[in-house]
2 protein chains.
Amino acid sequence: MAKQVVPEAARQRRRRTHGGTVLSEEIIVRTALRVLREHGSTGLTARRLGAALGADPSTLYRYFAGMDDLARAIGDELMGRALDSWTSTGDWRADPRALGRAIHASYLAHPQAAVLTASRVTGRPREIAVDETILGILRGAGLPDPVAVGVYHAFIDQSLAFAALDAGSLALADEARTRDEEMWRSTYARLPAESHPNIAATAHLLARRMPHSAFPAALEMLLEHIDVQLSRVGA
Amino acid sequence: MAKQVVPEAARQRRRRTHGGTVLSEEIIVRTALRVLREHGSTGLTARRLGAALGADPSTLYRYFAGMDDLARAIGDELMGRALDSWTSTGDWRADPRALGRAIHASYLAHPQAAVLTASRVTGRPREIAVDETILGILRGAGLPDPVAVGVYHAFIDQSLAFAALDAGSLALADEARTRDEEMWRSTYARLPAESHPNIAATAHLLARRMPHSAFPAALEMLLEHIDVQLSRVGA
DNA sequence: AGCTTATGCCAACGCAGTTGACCTTACAGT
DNA sequence: ACTGTAAGGTCAACTGCGTTGGCATAAGCT
């Protein structure tokens, strides 16, 4: 019966695996992060993870409903780490900036895992905690509820979306990544000025800018937007 | 020899498949889009696509280096459709708004395909055409080159990132999607006000806002940012 | 008409997720 | 301390995946 998954909190009888280790959701997720880092975003397989744990692949189905369920648990872990690394200062401008960067950084610390998970909203406890925190900051700053909800929505989706996109390029194999970065110097820089005048005119700027993330800039635009909204309300 | 892929332009001898159809890159990509729509973002397999084409799966390797190569071709097709559906008006504010929405809409018209491809930058011709167009709009509006490059970067990444994220929720199976949308009414709306006061206070607004995309709002923030930058330059 | 070879098909490889049957051992109740 | 129960481990096998090498055939050139 691989369909019945016992929740972590209700577990009591933990047997040893063939390899001698004692399993738990936490250990499995941590090991999965290691396997992902070592074998890439498509390298997390039940057999490989089982081998890394010293356990049979089918054992995983005692803890997760399937590989998809495991992936969501990994995403929840990254979101939790982001929130843990963040502390409130009470400043409405510094707080969302730091939290956004914490989320982005937490996912980018595990690019291969981020590729797997950042594109989905899980609705798990730690994600909800982040939501509550952001809404609290925005409402505390004085934004009317409808505006706060709109900004919150853009904030969380933007953070996750950029995390997924930036992780994608970061997760490329070394060879592929440098080839990707070189593209801006080779392909784009060599476009003739007649057919692509704007790219040609800014090629040197593009080569410097494109290998980095646009997330910080987008985040500042969001904060700027809050500024404008607050001045309209008259806070 | 499945490694030698003949470029589409150089093809001459087209044989009929067992099913009677005559193949081409375009037909394969179009059929792939159909298979993706019918079977989901993970449902595009060589065997299934072969069956849909009335051809042997291995035949695909005469046209693409592998399933990954096919995926990039699909992404290029979506980007091309976005650019084709857009026409310049000369207005620096209306043009990027319409182009951003065209990109977003083109990907969301094929959510399952977007999930597969929107997270990667291809550097293919049609993507380059979009880049050149945006840079032209921004520089034409009067932005200094460094600012224009920064805004362009945020614009293209934001469009792709949101396309990937929004496509993700749209690509969920019907059953899973409605369950996802209901989450904001059930799970979030039922959170106790003591532990989650901000979510509780705005639950009705969240339920209305969250099922929709935050991309339009983020796009407006970007346009707003251009406004501010232009006023600083003094245009 | 005949030659070349691009382009199709077939069979098979290793690996994937997943499941059902089966042990085995940790704990609860006495 | 003893024992019954079932959680939680293993094993073997299923289907389907991407991919490849060998082979057949028909399209187009001369």
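No experiment lies behind these values; they were computed from the predicted model shown. Each chain gets a letter, A, B and so on, in the order the sequences are listed, and its residues count up from 1.
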For atom CZ of B:R16, is the number of surrounding heavy atoms from other residues, nucleotides or ligands below 6.0 Å larger than 12?
-> no
Any sub-3.5 Å donor-acceptor pair from A:S106's side-chain atoms to A:A102's backbone N or O?
-> no
Length of the [atom1]-[atom2] vector between [X] and [N], whole Å:
X      : N      : atom1 : atom2 : value
A:I27  : D:dG9  : CD1   : P     : 11 Å
B:L116 : D:dG18 : CG    : C1'   : 14 Å
B:M67  : D:dT20 : CE    : C1'   : 15 Å
B:Y63  : D:dG18 : OH    : P     : 19 Å
B:R15  : D:dA26 : CZ    : P     : 6 Å
B:F64  : C:dT7  : CZ    : P     : 13 Å
B:L60  : D:dC17 : CG    : P     : 13 Å
A:L23  : D:dA7  : CG    : C1'   : 13 Å

Tell me which of A:T21 and B:R14 sits closer to the 5' end of DNA chain D, going by the nucleotide each one is nearest to.
-> A:T21
On DNA chain D, check which nucleotide each of B:P57 and A:H18 is closest to and give me the residue with the more 5' one.
-> A:H18
Distance-only donor-acceptor test, B:R13 side-chain atoms vs C:dT4 base atoms, 3.5 Å = yes
So, does the side chain of B:T17 form a donor-acceptor pair with the base of C:dC9 at under 3.5 Å?
-> no
Mind checking the CD1-CG spacing from A:I103 to A:L78? Nearest 0.5 Å is all I need.
-> 11.5 Å
Closest approach of A:A154 and B:A214, non-hydrogen atoms and distance?
-> CA-CB, 3.7 Å
B:R11 side chain near C:dT7 phosphate (N/O to OP1/OP2, under 4.0 Å) = yes
Determine whether the side chains of A:H18 and A:D56 contain a donor N or O and an acceptor N or O closer than 3.5 Å.
-> no
Residues from residues 35-56 of chain B sitting under 4.0 Å of DNA chain C, heavy atoms only?
-> B:G54, B:A55, B:D56
Picking from D:dG21, C:dG8, D:dA26, the nucleotide nearest the side-chain atoms of B:T59 would be C:dG8
Taking D:dA24, C:dC9, D:dG9 as options, the one with an atom nearest any side-chain atom of B:R62 is C:dC9
So is B:R209 actually on top of A:Y152's ring, under 6.0 Å and inside 45° of the axis?
-> no
Within 45° of the ring axis of A:F215 and under 6.0 Å from its six-membered ring centre, is that where the NZ or CZ of A:R101 lies?
-> no
